[in-house]
Amino acid sequence: MSKKHIILAGLAVCLSLAACHKQTTYDRNDPNQDYERFINSHVFAACEAVGHPYARYSLAELLQRPSNNSSDYKVTFINGPCKGVTAWTTDVIVKTAPVDDAELVPTGTIVLRNFDNPKEPYDKDTTSHWNTAVVVGNSRAKQGILDLGFPRDRNDFFPSRESAYAHNVRYILSPQGKDIRNFIR
């Protein structure tokens, strides 16, 4: 596959994910949109188990992007177990988007899930522990619930499974999420 085809395929994936969620116009008086602005003004950085599929992500303030000399981001964690710690890491999720319609999330999509999984959406106090997950089913999407798999390592073909409310699940837009499991061909 040529470099041009790979770039076009990546662009197609980005466009399909963007089509899965609707564009929102912000209303300054809507408290639910405060949550979205709060999330979008920060990045998710791995705080524990960095580099592993089960890494714990927390919100962080982005201080420095990678340069030609280093592929690391400089971040300061704003919540979670590393709150207040400034660190250099490569495991950063720069941009996410909310899952607005659970029925449109295809199986196999890599997402970010709020570990606390609060029943009430838009709670800023429960944003300190996030994990990446693979969508394994959306049969209960009409109730706003997605079934997620959490691989423990690269060869875990039967990951632990849990359900999460769709409002606690976010698309990973940048960098592109990919399934970490190695499938035998």
Side-chain angles (χ1 to χ4, degrees), residues 7 10-11 13-26 28 30-100 105 108-118 120-135 146 148-151 162 164-180:
I7 291 171
L11 182 60
V13 169
C14 288
L15 291 174
S16 67
L17 283 176
C20 289
H21 75 280
K22 62 184 177 188
Q23 293 296 333
T24 304
T25 56
Y26 288 110
R28 291 178 188 237
D30 184 356
N32 293 344
Q33 289 184 357
D34 287 343
Y35 175 83
E36 194 59 35
R37 280 192 293 273
F38 176 69
I39 296 288
N40 286 333
S41 64
H42 298 90
V43 297
F44 291 94
C47 179
E48 295 176 343
V50 177
H52 294 283
Y54 48 86
R56 178 180 184 165
Y57 291 84
S58 295
L59 285 171
E61 181 181 340
L62 181 60
L63 302 176
Q64 186 175 340
R65 291 185 177 274
S67 64
N68 293 339
N69 301 336
S70 172
S71 61
D72 291 347
Y73 292 85
K74 184 177 182 182
V75 298
T76 298
F77 292 95
I78 64 164
N79 62 13
C82 299
K83 183 178 182 176
V85 174
T86 299
W88 290 89
T89 182
T90 55
D91 201 353
V92 173
I93 298 171
V94 178
K95 186 169 179 150
T96 63
V99 171
D100 291 326
V105 182
T109 303
I110 307 301
V111 294
L112 194 61
R113 187 262 331 224
N114 184 340
F115 180 81
D116 295 321
N117 197 25
E120 295 301 318
Y122 317 119
D123 183 0
K124 287 184 189 178
D125 296 330
T126 59
T127 59
S128 64
H129 184 174
W130 296 76
N131 298 98
T132 56
V134 180
V135 177
L146 288 170
L148 305 173
F150 299 91
E162 293 181 22
Y165 294 108
H167 61 261
N168 294 318
V169 178
R170 299 184 67 81
Y171 291 111
I172 299 173
L173 300 178
S174 176
Q176 280 295 310
K178 58 185 174 196
D179 196 339
I180 57 91

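Bear in mind the structure is a predicted one, so any value in this text is a computation, not a measurement.
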Q: N114: what forms a side-chain hydrogen bond (donor to acceptor under 3.5 Å, both in side chains) with it, not counting sequence neighbours?
A: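 Expected list: none.
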Q: Roughly how far apart are W88 CH2 and L63 CG, rounded to 0.5 Å?
A: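 The CG atom of L63 is 8.5 Å from CH2 of W88, to the nearest 0.5 Å.
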Q: Going by heavy atoms in the side chains, are L148 and V134 under 4.5 Å from each other?
A: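 Result no, sub-4.5 Å side-chain heavy-atom pair not found.
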Q: Report the residues that fulfil side-chain hydrogen bond (donor to acceptor under 3.5 Å, both in side chains) with D72, sequence neighbours left out, ordered by chain and then residue number.
A: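 Testing D72 for side-chain hydrogen bond (donor to acceptor under 3.5 Å, both in side chains), a comparison that skips the adjacent residues, returns none.
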Q: Using modelled atom types and a 3.5 Å cut-off, is there a donor and acceptor pairing between side-chain atoms of N131 and backbone atoms of L112?
A: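 Here the side-chain-to-backbone pair does not exist.
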Q: If you take all heavy atoms of C82 and F77, which pair is closest and at what distance?
A: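 Between these two residues, the closest heavy atoms are O-CB, 3.3 Å.
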Q: Using every non-hydrogen atom in the two residues, find where Y73 and P66 come nearest and quote the distance to one decimal.
A: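 So the two residues come closest at CE2-CD, 3.3 Å.
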Q: Minimum heavy-atom separation for Y57 and A46, please, with both atom names.
A: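 Closest approach of Y57 to A46, heavy atoms only: CD2-N, 3.5 Å.
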Q: Locate the shortest heavy-atom distance separating R56 from S128; write the atom from each residue and the value.
A: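 Heavy atoms of R56 and S128 come nearest at NE-O, 3.9 Å.
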Q: Does H167 use its side chain to pair, donor to acceptor, with the backbone of P118 at less than 3.5 Å?
A: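 At least one qualifying donor-acceptor pair exists.
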Q: How far apart are the closest heavy atoms of A164 and R113, and which atoms are they?
A: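 That closest heavy-atom pairing would be CB-CG, 3.9 Å.
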Q: Just so I know, are the side chains of T96 and W130 near enough to count as touching, which here means a heavy-atom distance under 4.5 Å?
A: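 No. Closest side-chain heavy atoms not under 4.5 Å.
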Q: Does the pair F44 and L59 meet the rule for a side chain to side chain contact (heavy atoms under 4.5 Å, CB included), with working shown?
A: CA-CA 5 Å; F44 291 94; L59 285 171; 3.6 Å; yes
Q: Just how far is it from atom CD1 of I93 to atom CZ of R170, taken to the nearest 0.5 Å?
A: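 If we round to the nearest 0.5 Å, I93:CD1 and R170:CZ are 10.5 Å apart.
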Q: Go through V111 and I172 one step at a time and tell me if the side chain to side chain contact (heavy atoms under 4.5 Å, CB included) criterion holds.
A: CA-CA 6 Å; V111 294; I172 299 173; 5.6 Å; no
Q: Would you give the length of the straight line joining atom OG of S70 to atom CZ of R65, rounded to the nearest 0.5 angstrom?
A: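 S70 OG to R65 CZ: 14.0 Å, rounded to 0.5 Å.
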Q: With side chain to side chain contact (heavy atoms under 4.5 Å, CB included) as the test, would you mind laying out the steps for N117 and E162 before giving the verdict?
A: CA-CA 11 Å; N117 197 25; E162 293 181 22; over 6 Å; no
Q: Whether the side chain of T86 engages the backbone of T76 through a donor-acceptor N/O pair (distance < 3.5 Å, no angle test) should be reported.
A: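 No, because the side chain of T86 does not come within donor-acceptor range (under 3.5 Å) of the backbone of T76.
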Q: As a test of understanding, state which of N168, D116, N79 forms a side-chain hydrogen bond (donor to acceptor under 3.5 Å, both in side chains) with T127.
A: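 The passing option is N79.
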Q: I need the minimum non-hydrogen distance between P81 and C47, along with the two atoms involved.
A: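 Minimum heavy-atom separation between P81 and C47: CG-SG, 3.8 Å.
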